[in-house]
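Heads up, the thing below is written out as structure tokens.
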Amino acid sequence: MKKKGDKYAGYVFLLPWLIGFIGLTLIPMGMSLYYSFTNYNLLSAPQFVGLTNYIKMFTSDYHFMNALKVTFIYVFASVPLQLLASLVLAFILNKGVKGLSLFRAAFYVPSLLGGSVAISILWRQIFGMNGILNQLLNALGIESTISWVANPNTAVWTLIVLRVWQFGSPMIIFLAAIKQVPQEMLEAAAIDGASKFQRTIRIMLPMISPIILFNLIMQIISAFKVFTESYIISGGNGGVLDSLLFYTLHIYNEGFGKMRMGYASALAWFLVLIIAVLTALVFGVSKKFVHYD
């Protein structure tokens, strides 16, 4: 009787999450999928149009391909650089530096603040025409008068730098994984004559490879969802020549700027498909470098 009561108690504790999942995630996703096959402007009833919205992406939306291009450049450049920076710092902090807790907290702060409106405004000031970067370059004798966030050739790279700066979260996860590597294995390898570099490459990296895979997938998904930075820094219009028109910003402009919620829903579901395919590819390739034994 007591066990039966415990089972029902578990369901009761699960109920708030279940209600939230169904009401705030599952039902909105289902409605979004339905709207993707309709012409819906938020003000009138949706009209079913079949695959028209999906066909429009590839035939008449001249912003679509550019938004994909900018987003892919951002993801494929920022994620590896961010993971590399976080992994290197995790190895450095693992060496037992003094004040480790302070360093961990200080390095984690950018992950909390990086996607905020305040940091986006600050970033626009740093890389603007009269920003801190140009002032520093001019002080070093390098003349620079361009606005890095407005120049189509450099705009997306300023946001890539901002993304890399947010290395705190994956770094903490890497550091926790590194500390779980058995010291006996490292000591045995050292006795056998393995150098620190060899111990890192042949023992530590294979041991934490599942965590590398986890961080890689999580950061890919997170990078595809970037919105605040591009919206604030570009003023919501995608910048000069759509150089900061990220895919999520394009969805926002279509859905709330132009009141094309049906088309915006189709764009959103295509993004879901892109993330799902990339995640599947990463899992497929991971068999060659992830070790679970």
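On a predicted model such as this, the values are computed, not experimentally measured, just so you know. All residue numbers refer to positions in the sequence shown, counting from 1.
In this structure, Tyr74 and Ile160 approach most closely via the heavy-atom pair CD1-CG1, 3.8 Å. Gly255 approaches Met261 most closely through the heavy-atom pair O-CE, 3.7 Å. Here the closest non-hydrogen pair linking Gln180 and Ala176 is CG-O, 3.2 Å. Counting all heavy atoms, side chain and backbone alike, Met207 lies closest to Val181 at CB-CG2, 4.0 Å. Taking each heavy atom of Pro110 and Trp165 in turn, the nearest pair found is CB-O, 3.3 Å. Ala85 approaches Val164 most closely through the heavy-atom pair CB-CG1, 4.4 Å.
For Glu229, there are no salt bridge (Lys or Arg N to Asp or Glu O under 4.0 Å) partners at least two apart in sequence or on another chain. Residues satisfying the side-chain hydrogen bond (donor to acceptor under 3.5 Å, both in side chains) test with Tyr263, not counting sequence neighbours, are Asp61. Not counting sequence neighbours, the partners of Leu15 by the side chain to side chain contact (heavy atoms under 4.5 Å, CB included) test are Ile19. Residues passing the side chain to side chain contact (heavy atoms under 4.5 Å, CB included) test with Phe76, sequence neighbours excluded: Phe72, Leu278. In this structure Leu18 satisfies the side chain to side chain contact (heavy atoms under 4.5 Å, CB included) test together with Ile22, sequence neighbours excluded.
Note: Phe21 and Trp17 have parallel aromatic rings, judged against thresholds of 30 and 60 degrees for the angle between ring planes. The aromatic rings of His250 and His63 sit tilted, their planes meeting at an angle between 30° and 60°.
Atom CG of Asp192 is surrounded by more than 12 heavy atoms from other residues, nucleotides or ligands within 6.0 Å. At most 12 heavy atoms of other shown residues, nucleotides or ligands fall within 6.0 angstrom of atom NZ in Lys69.
A heavy-atom distance below 4.5 Å is found between the side chains of Leu87 and Leu205.
Donor-acceptor pairing under 3.5 Å is recorded for the side chains of Ser144 and Asn134.
Exactly one of Phe37, Phe64, Phe270 qualifies for a ring-ring contact (aromatic ring centres under 6.0 Å, His included) with Tyr54. That residue is Phe37.
Here ring pair (Phe, Tyr, Trp, His ring centres under 6.0 Å) pairs that include residues 124-158, with residues two or more places apart or in two chains, are Trp123-Phe127.
The backbone N or O of Asn153 lies less than 3.5 Å from a partner atom in the side chain of Asn151, making a donor-acceptor pair.
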Practice prompt. May I have the step-by-step check of side chain to side chain contact (heavy atoms under 4.5 Å, CB included) for Leu81 and Ser78, ending in yes or no?
Written response: CA-CA 5 Å; Leu81 291 173; Ser78 67; 5.9 Å; no
